[in-house]
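Here the structure is laid out as structure tokens; the discussion comes afterwards.
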Amino acid sequence: MLETGVVQSTLLEFRHKSFSFEGNLAVGSEPWVVFARSETESESKFRPRVIRLRVLTPQAWLHLDPAGELLLLGSGPEPGRAGPGGPALEVAAEPDEFEEQGIAWVRWRPRVERLLYLPAEHASELRALGGVQELA
């Protein structure tokens, strides 16, 4: 598992976007990490909303890329393969269920201006967790 200082000071590469460390979250006995970014809902709208995006992941799934510049995800001892290349999509164009770096994910939009990315295998337990409800 990566040291806390590395996790806090390195950006997470997710969905061809960079997310910065926001905080830790206790889920059972396993430490989880919350990464965040803000972006506009859609550039094509006259008055786009600012959307707060968060990625919730077990700390054990974080890996440093070979160059040591970014965090990558992987549910095993090695990071998963990045998805197909290409540009990052606007939030409105992303699917609700997808695979990223070898892990199944779901998007949960509890409020219009909030969007959480949750590992599919933990999504139902995370949605019921008090700490995640506060993020929503």
Side-chain angles (χ1 to χ4, degrees):
M1 188 164 10
L2 294 176
E3 294 178 15
T4 303
V6 172
V7 172
Q8 292 176 350
S9 64
T10 311
L11 296 174
L12 172 69
E13 175 73 18
F14 185 81
R15 306 293 290 164
H16 305 290
K17 300 174 185 177
S18 296
F19 288 77
S20 59
F21 175 83
E22 184 172 81
N24 295 307
L25 183 68
V27 178
S29 62
E30 190 174 12
W32 283 61
V33 182
V34 180
F35 291 92
R37 78 178 268 124
S38 296
E39 60 184 54
T40 55
E41 181 179 37
S42 174
E43 296 294 334
S44 61
K45 289 188 173 186
F46 177 65
R47 288 192 170 161
R49 290 186 190 117
V50 174
I51 304 293
R52 184 86 170 144
L53 305 150
R54 290 187 173 100
V55 177
L56 281 68
T57 182
Q59 187 169 343
W61 289 9
L62 296 172
H63 302 275
L64 202 55
D65 78 330
E69 297 175 354
L70 293 171
L71 294 173
L72 302 174
L73 296 166
S75 58
E78 298 290 323
R81 279 189 339 168
L89 297 175
E90 286 184 349
V91 170
E94 289 184 340
D96 287 335
E97 296 180 9
F98 57 91
E99 186 171 303
E100 174 71 21
Q101 299 177 39
I103 302 167
W105 293 86
V106 296
R107 286 181 352 146
W108 180 37
R109 195 169 198 157
R111 296 192 317 214
V112 175
E113 69 280 357
R114 299 276 191 259
L115 194 143
L116 303 176
Y117 295 104
L118 309 172
E121 67 184 86
H122 299 284
S124 58
E125 73 179 279
L126 288 170
R127 287 180 179 137
L129 191 66
V132 174
Q133 291 294 332
E134 292 173 18
L135 294 174

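The first residue in the sequence is number 1, and the count goes up from there.
Nearest heavy-atom pair across F35 and V33 is CE1-CG1, 3.4 Å. Considering all non-hydrogen atoms of both residues, A123 and V106 come closest at CB-CG2, 3.6 Å. Summarising the geometry of W108 relative to P110, their closest heavy-atom pair is O-CD, 3.1 Å, with the distance given to 0.1 Å. Between L25 and L56, the shortest heavy-atom contact is CD2-CD2, 3.8 Å.
Linking ILVMFWY side-chain heavy atoms closer than 4.5 Å, directly or via other members, places L72 and F21 in two distinct hydrophobic clusters.
R52 places no side-chain N or O within 3.5 Å of a backbone atom of A36 that could act as its donor or acceptor partner. Between the side chain of E100 and the backbone N or O of R15, at least one donor-acceptor pair lies under 3.5 Å.
Looking only at side-chain heavy atoms (C-beta outward), P58 and V27 stay at 4.5 Å or farther from each other.
Taking CG of L116 as the start and CZ of R109 as the end, the distance is 10.5 Å to the nearest 0.5 Å. H122 contributes atom NE2, which lies 12.0 Å from atom CG of L129 (distance to the nearest 0.5 angstrom). For the atom pair NZ of K17 and CG of L11, the computed distance is 14.5 Å after rounding to the nearest 0.5 Å. R114 contributes atom CZ, which lies 9.0 Å from atom CD1 of I51 (distance to the nearest 0.5 angstrom). Atom CZ in R37 sits 13.5 Å away from atom CZ in R54 (nearest 0.5 Å).
With sequence neighbours left out, E13 forms a salt bridge (charged side-chain N to carboxylate O under 4.0 Å, His left out) with no residue at all.
Between Y117 and F14, the distance from one ring center to the other falls under 6.0 angstrom.
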Quiz: residues 59-69 side-chain donor-acceptor pairs under 3.5 angstrom, not counting sequence neighbours:
{"residue": "Q59", "atom": "NE2", "partner": "L2", "partner atom": "O", "Å": "3.2"}
{"residue": "H63", "atom": "NE2", "partner": "G74", "partner atom": "O", "Å": "3.1"}
{"residue": "H63", "atom": "NE2", "partner": "G76", "partner atom": "O", "Å": "3.1"}
{"residue": "D65", "atom": "OD1", "partner": "G68", "partner atom": "N", "Å": "2.8"}
{"residue": "D65", "atom": "OD1", "partner": "E69", "partner atom": "N", "Å": "2.7"}
{"residue": "D65", "atom": "OD1", "partner": "L70", "partner atom": "N", "Å": "3.1"}

Can T57 and W105 be said to form a side chain to side chain contact (heavy atoms under 4.5 Å, CB included), step by step?
-> CA-CA 10 Å; T57 182; W105 293 86; 4.2 Å; yes
